[in-house]
Amino acid sequence: MKKLSIILFLTSFMILSARGQLIKVEQVIYGMDCAPCAYGMERSFTKMDGIDEVKVSLNEGKAYLNLTKKHQLTLLDIQKQVKDGGFSPKQAEVILKGELVKANNQWRVKANDETFLITKATDSGITSGLKPGNIKLKGIIKNASGGVDNTWKLEIKEILNP
Amino acid sequence: MRSLTHFMKQTPALLLFILLIIGCSDNKQQWTFEQQIKLPAKSRPLSMALIDDELWFSDPQNYRLLKINRKGNVLDSISGLKRPMNIGSYQDQLYVPEFLTDRIWKFDKGNKEQISIHKKLKAPAGITVQKDSLAIADFYNHRIVLQSGDQTKIIGSKGHKEAQLYYPIDVKIHKGKIYVADAYNNRIQVFKSNGKFLQTIGIGDSLKVASGIDLTNNIIAVTDQEHNRVMLYNHKGTLLQKLTENITYPTDVMFTNDTLYIANFKDNALTVYTKKQQ
């Protein structure tokens with residue numbers, strides 16, 4: 001019984017460790033025209049579970065988010081937080097890790113409960129080197145209104161070391 | 001003959017009236033641009049305070065306060081502040097509201113001390129101190145917290161009507177009255193220290209984000225942030241002058257003697273106006 005418990009525990013741990021997730025998000029935010037606007041957004045991000053570090057730049061109109069090592073946050077959660085603050089989320093640059101699979105000739109990465117479809121805008125040199133399995137990458141989601149059915153269109157900018 | 005006598009009797013009154021008109025006209029156009037103080041690159045001055053005739057400004061973008069001379073050279077700094085907003089000073093103490101942490105800090109000769117506030121703040125945006133009283137613009141609570149010793153008074157509540165506030169950013173205490181930069185109601189509101197509403201200033205002048213305020217015995221200055229100007233009123237609320245020269249996105253104003261300093265948040269510079277000598 002004890003051995004079974006250990007096996008079950010280790011299996012769960014491995015599954016959780018392999019589960020993809022966002023690591024960093026650089027979110028463009030429209031409408032933050034004033035200091036309290038930007039810093040208010042920073043306050044609200046700080047209160048979210050899963051955010052390790054956040055800085056909102058009024059100059060650049062961006063939020064820079066470092067996420068915790070284990071979290072359940074999705075890009076949709078982050079963009080909803082922006083909208084709840086009264087602003088508009090636009091382009092997002094992300095670093096994420098997840099499982100890369102190919103289905104119907106379409107590469108996709110699963111991270112938490114979201115799917116990132118790799119777009120044709122991705123450099124062919126990167127695309128040609130893709131293989132199914134765990135991947136860590138940096139990419140851009142240009143369309144903030146994506147996220148339908150938890151699916152986004154992502155252009156890979158760089159494959160990172162795991 | 002009777003007409004001449006009548007006229008002579010009226011002359012002093014007429015002369016007095018003419019002098020009054022001239023005087024009033026001069027009061028409306030007294031402040032003129034003197035200079036810009038260019039600040040260190042990338043700094044964003046949000047508010048100012050004076051300690052021993054030395055100028056401090058808050059730079060929330062860079063999590064710090066800087067002390068400068070009149071040429072813009074940095075003399076001292078206080079770092080590691082989590083978005084310091086509209087700072088205040090009293091005697092030789094500096095008071096700093098930290099927007100992200102809801103804390104109020106007092107700096108006294110290099111010593112940092114947290115001020116205990118008896119109400120839970122939600123994004124303090126401005127602070128003013130007079131003797132044993134302090135007033136805080138409690139931004140997300142849409143109110144002013146007025147604390148004197150153990151006593152605490154709440155002034156205002158969320159809204160757009162008279163005596164209500166909507167995202168107040170700055171506050172000043174002057175001769176027992178509380179002057180509030182009721183930023184997103186685009187006006188100034190004045191209250192007694194017991195919370196009783198006294199007056200509104202700026203209605204009808206198309207202010208857009210009244211974010212900073214300071215006053216003397218004669219003049220109230222308020223920043224019209226989105227219109228890149230500073231409005232000067234008398235205490236009755238009459239508009240005396242609109243300042244526009246070399247002003248970009250002003251977030252704070254500060255009077256000292258016959259000088260008015262303006263913080264240009266998006267221009268990393270302070271603009272200085274002086275009273276025209278008559």
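Contact annotation for B:A123: both backbone and side-chain heavy atoms come within less than 4.5 Å of a heavy atom of chain A. For B:L46, the part lying near chain A is the side chain, with the backbone staying farther off; criterion is any non-hydrogen pair under 4.5 Å. Within the 4.5 angstrom heavy-atom criterion, only side-chain atoms of B:F139, from C-beta onward, approach chain A.
When side chains are defined from C-beta on, B:I169 counts as touching A:P36, because their heavy atoms get closer than 4.5 Å.
Remark: B:Y90 engages no residue in a ring-ring contact (aromatic ring centres under 6.0 Å, His included) (not counting sequence neighbours).
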Determine which donor-acceptor pairs between chain B and chain A fall under 3.5 Å and list them with their distances.
{"unit_1": "B:R44", "atom_1": "NE", "unit_2": "A:N59", "atom_2": "OD1", "d": "3.2"}
{"unit_1": "B:R44", "atom_1": "NH2", "unit_2": "A:N59", "atom_2": "OD1", "d": "2.2"}
{"unit_1": "B:Q61", "atom_1": "N", "unit_2": "A:Y39", "atom_2": "OH", "d": "3.4"}
{"unit_1": "B:Q61", "atom_1": "OE1", "unit_2": "A:Y39", "atom_2": "OH", "d": "2.7"}
{"unit_1": "B:R83", "atom_1": "NE", "unit_2": "A:E42", "atom_2": "OE1", "d": "2.9"}
{"unit_1": "B:R83", "atom_1": "NH2", "unit_2": "A:E42", "atom_2": "OE1", "d": "3.4"}
{"unit_1": "B:R83", "atom_1": "NH2", "unit_2": "A:E42", "atom_2": "OE2", "d": "2.6"}
{"unit_1": "B:R83", "atom_1": "NH2", "unit_2": "A:V56", "atom_2": "O", "d": "2.9"}
{"unit_1": "B:F99", "atom_1": "O", "unit_2": "A:R43", "atom_2": "NH1", "d": "2.8"}
{"unit_1": "B:D102", "atom_1": "OD1", "unit_2": "A:R43", "atom_2": "NH1", "d": "2.5"}
{"unit_1": "B:Y249", "atom_1": "OH", "unit_2": "A:D33", "atom_2": "O", "d": "2.6"}

